[in-house]
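Hydrogens, waters and symmetry mates play no part in the numbers below; they use all other heavy atoms, side chains included. So that the names make sense, note that chain A is the first sequence line, chain B the second, and so on, each numbered from 1. Note that the structure is predicted; figures quoted are calculated from it, not measured.
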There are 2 protein chains.
Amino acid sequence: MVNKKCIIRLLRYKNALHRLNSLGFVKVFSDNLADAVGVTASQVRKDFSLFGICGNKRGGYQIEALLGKLNHILGKNEQQKVVIVGGGNIGAALMKYKGFEKEGVKIAACFDIDPAKYNHKEGDIPVLPLEQLRDFVRQNHIKIGVIAVPDIAAQQVLDLMLAAGIKGVLNFAPIRLRAASDCVINNVNLVLELETVIYFIINGLEKSIAEIHEEQKS
Amino acid sequence: MVNKKCIIRLLRYKNALHRLNSLGFVKVFSDNLADAVGVTASQVRKDFSLFGICGNKRGGYQIEALLGKLNHILGKNEQQKVVIVGGGNIGAALMKYKGFEKEGVKIAACFDIDPAKYNHKEGDIPVLPLEQLRDFVRQNHIKIGVIAVPDIAAQQVLDLMLAAGIKGVLNFAPIRLRAASDCVINNVNLVLELETVIYFIINGLEKSIAEIHEEQKS
DNA sequence: TAGATTGTTAATCGATTAACAATC
DNA sequence: TAGATTGTTAATCGATTAACAATC
């Protein structure tokens, strides 16, 4: 089934293939990819079959063709534009972080209610008044938003985003957001992530820590 | 089985109980907790039974006693000290973020190799030279670290941390870290989190988006 | 051809949920 | 007592892995 974990694997296959490609490799076997990403070869073939990706019996997969298909599925052929609401700690960190641009994700603008944060220096990501969110999102056909505001404001911000046309959200506020079922919400709770580490340190790993490693990111 | 997802549920039960407690409630049924956290009542009782937590047949659970047990399991009775390595975007955001303190997590210090970041203003979290990591961790008996350095430095930083006595790590660098099996590593890859949202927006939700919601954080 | 690898089906594994006896 | 809720066992569900026929 195509769930979040499956997509994360696809993204990792894509990254591994990119590395192999730039090393000059032309073809790859499910086995190699499995090693590179840390899953079984069965898993790799199963994932591909879910997306109708075929290789050559006995001949493995052509890396370039495979990369092309994965890039298409993952939306890597066009730049993906996102907006951030909240120019505080997390919002500012995300704006400065180089990792998004590398993956074809463009942070188009950030919105805040604090005039002290407004900024439109050449080259910088603009930080604009929240009132401009709606028009900006519509004019730029933006579908993805990041919520990086205090808990108390998060639901309101989500509602604004959805009204403006945003379809998917990465939410850093540690609250449960209510949204229509056709809206994708992915929550990242940094405190919770740290608290799980604390638990396993306090209580020892013997109670099967294997699962935390499952989260291994490529 | 006690895995990361189970611990996250426990943390949410704890949060929900805290709210109920401050509203003056004295007892709670598995049903109420299930509603509050968004799981089934069976799941709640199963989780509790895994940790040997018993209620009263017919009478539910005493909130205070239950909170006490969960706080104990989750290490909430003592303040948990952590260090951050990397005072860049993410490290700085984490230091300023108020959410950790509220949950009894104390960021004791941050370490960096860039002297421009060093700082020891009264009241601020000190940013110290990386060379001091080892002594600081040992003297303060710190077991938990956060890696917020560029990918290229992450493995080296992990090795330093482990050598200093750190047992568990929250890692923001998007690479696979190698560590002894008795070390807990929890990876958070912000780019990947956003990329999964992008996938589901591009390809529509019909392919079962249910699972991304599973990540709902309390 | 013989050998190796895919694609898919069946088996396994693990986690969640339902059911229900115990009992307050 | 009758009714409601727990704690636990059994059933279900879903995802991963193993196996193997197809085939290059």
Side-chain angles (χ1 to χ4, degrees), chain A residues 1-10 12-13 17 20 25-63 65-66 69-70 73 196 206-216, chain B residues 1-10 12-13 17 20 25-63 65-66 69-70 73 196 206-216:
Chain A
M1 209 224 259
V2 180
N3 57 21
K4 184 181 169 187
K5 276 164 82 176
C6 179
I7 301 307
I8 288 180
R9 287 196 301 269
L10 247 49
R12 289 187 181 143
Y13 301 147
L17 286 166
L20 290 169
F25 289 94
V26 171
K27 67 178 189 180
V28 69
F29 301 119
S30 57
D31 205 21
N32 310 135
L33 268 178
D35 280 353
V37 169
V39 299
T40 63
S42 279
Q43 180 79 271
V44 173
R45 297 200 298 276
K46 182 77 163 196
D47 285 338
F48 287 175
S49 102
L50 264 175
F51 288 91
I53 294 175
C54 294
N56 313 301
K57 302 223 177 202
R58 176 76 217 281
Y61 303 82
Q62 296 295 315
I63 290 179
L66 187 48
K69 283 172 191 160
L70 290 177
I73 291 166
T196 60
E206 69 276 1
K207 290 188 184 175
S208 131
I209 183 59
E211 288 71 17
I212 210 168
H213 288 281
E214 141 214 320
E215 298 285 309
Q216 217 61 259
Chain B
M1 209 222 257
V2 180
N3 57 21
K4 184 181 169 186
K5 275 164 83 176
C6 179
I7 301 308
I8 288 180
R9 286 196 300 270
L10 246 50
R12 289 187 180 142
Y13 300 146
L17 286 166
L20 290 170
F25 288 93
V26 171
K27 66 179 189 179
V28 69
F29 302 119
S30 58
D31 204 22
N32 310 136
L33 268 178
D35 280 353
V37 169
V39 299
T40 62
S42 279
Q43 181 79 269
V44 174
R45 296 200 300 273
K46 182 77 162 197
D47 286 337
F48 287 174
S49 103
L50 264 174
F51 288 91
I53 294 175
C54 293
N56 314 301
K57 303 226 176 199
R58 175 75 217 279
Y61 304 83
Q62 295 296 314
I63 290 179
L66 186 49
K69 282 172 190 159
L70 290 178
I73 291 166
T196 60
E206 69 277 0
K207 290 185 183 174
S208 134
I209 183 58
E211 289 70 20
I212 210 169
H213 287 283
E214 141 213 319
E215 297 285 308
Q216 218 62 259

Item to complete: For A:C6 and A:L50, work out which heavy atoms get closest and say how close.
Response: SG-CD1, 4.3 Å

Worksheet entry | Toward the 5' end of DNA chain C, by each residue's nearest nucleotide, B:G59 or A:G59 | A:G59

Worksheet item: Within the structure, does a side-chain N or O atom of B:S30 lie under 4.0 Å from either OP1 or OP2 of D:dT6?
Response: yes

Worksheet item: Under 4.0 Å: is that the gap between some side-chain N or O of B:Y61 and OP1 or OP2 of D:dG7?
Response: yes

Item to complete: Can you tell me the distance, in whole Å, between the NZ atom of A:K4 and the C1' atom of D:dA15?
Response: 17 Å

Practice prompt. Report yes or no: do B:Y13 and B:D47 form a side-chain donor-acceptor pair below 3.5 Å?
Written response: yes

Discussion item. The side chain of A:K46 is closest to which nucleotide in this list: D:dG7, C:dA4, D:dT17?
Written reply: D:dT17

Worksheet entry | Value in whole Å for how far the P atom of C:dT8 lies from CG of A:D47 | 13 Å

Item to complete: Supply the atom-to-atom distance A:K27 NZ to A:N56 CG, rounded to the nearest 0.5 angstrom.
Response: 8.5 Å

Item to complete: Measure from the side-chain N and O atoms of A:N32 to the backbone N and O of A:F29, and report whether any donor-acceptor pair falls under 3.5 Å.
Response: yes

Worksheet entry | Distance, rounded to the nearest Å, where B:N32 contributes CG and D:dA4 contributes C1' | 13 Å

Fill in: Separation of C:dC24 P from B:K27 NZ (nearest whole Å)
14 Å

Worksheet, complete the sentence: Against the side chain of A:S42, the closest entry in D:dA18, C:dA19, D:dG14 is D:dA18

Discussion item. Using whole Å, what does the distance between atom C1' of nucleotide D:dT6 and atom CZ of B:F51 come to?
Written reply: 18 Å

Fill in: Watson-Crick or G-U wobble partner of C:dA11, both distances under 3.5 Å
D:dT16

Response to the item:
Among D:dT5, C:dT5, D:dA19, the one nearest any side-chain atom of A:R58 is C:dT5

Discussion item. From C-beta outward on A:C54, which listed nucleotide comes closest to its side chain: C:dT17, C:dG7, D:dA15?
Written reply: C:dG7

Discussion item. Using whole Å, what does the distance between atom P of nucleotide D:dC24 and atom CD of A:Q62 come to?
Written reply: 15 Å

Worksheet item: If each of B:T40 and A:F48 is mapped to the nucleotide of DNA chain C with the nearest heavy atom, which maps nearer the 5' terminus, i.e. the 5' end?
Response: A:F48

Worksheet, complete the sentence: CZ of A:R45 to OG1 of A:T40, rounded to nearest 0.5 Å, is 8.0 Å

Discussion item. Using Watson-Crick or G-U wobble geometry with both distances under 3.5 Å, which nucleotide pairs with D:dA21?
Written reply: C:dT6

Discussion item. Starting the side chain at C-beta, find the nucleotide from C:dT17, D:dC24, C:dT6 nearest to A:F29.
Written reply: C:dT6

Discussion item. For C:dA15 and B:N3 - does any side-chain N or O of the residue sit under 4.0 Å from the phosphate oxygens OP1/OP2?
Written reply: yes

Worksheet item: Tell me: CG of B:L66 to P of D:dG7, nearest whole Å?
Response: 10 Å

Worksheet item: Is there side-chain contact between A:L17 and A:F25, with heavy atoms separated by less than 4.5 Å?
Response: no

Item to complete: Check if the side chain of B:K57 and the base of D:dT5 share a donor-acceptor pair of N or O atoms closer than 3.5 Å.
Response: no

Worksheet item: In whole angstroms, how far is the C1' atom of C:dG3 from the CG atom of A:N56?
Response: 16 Å

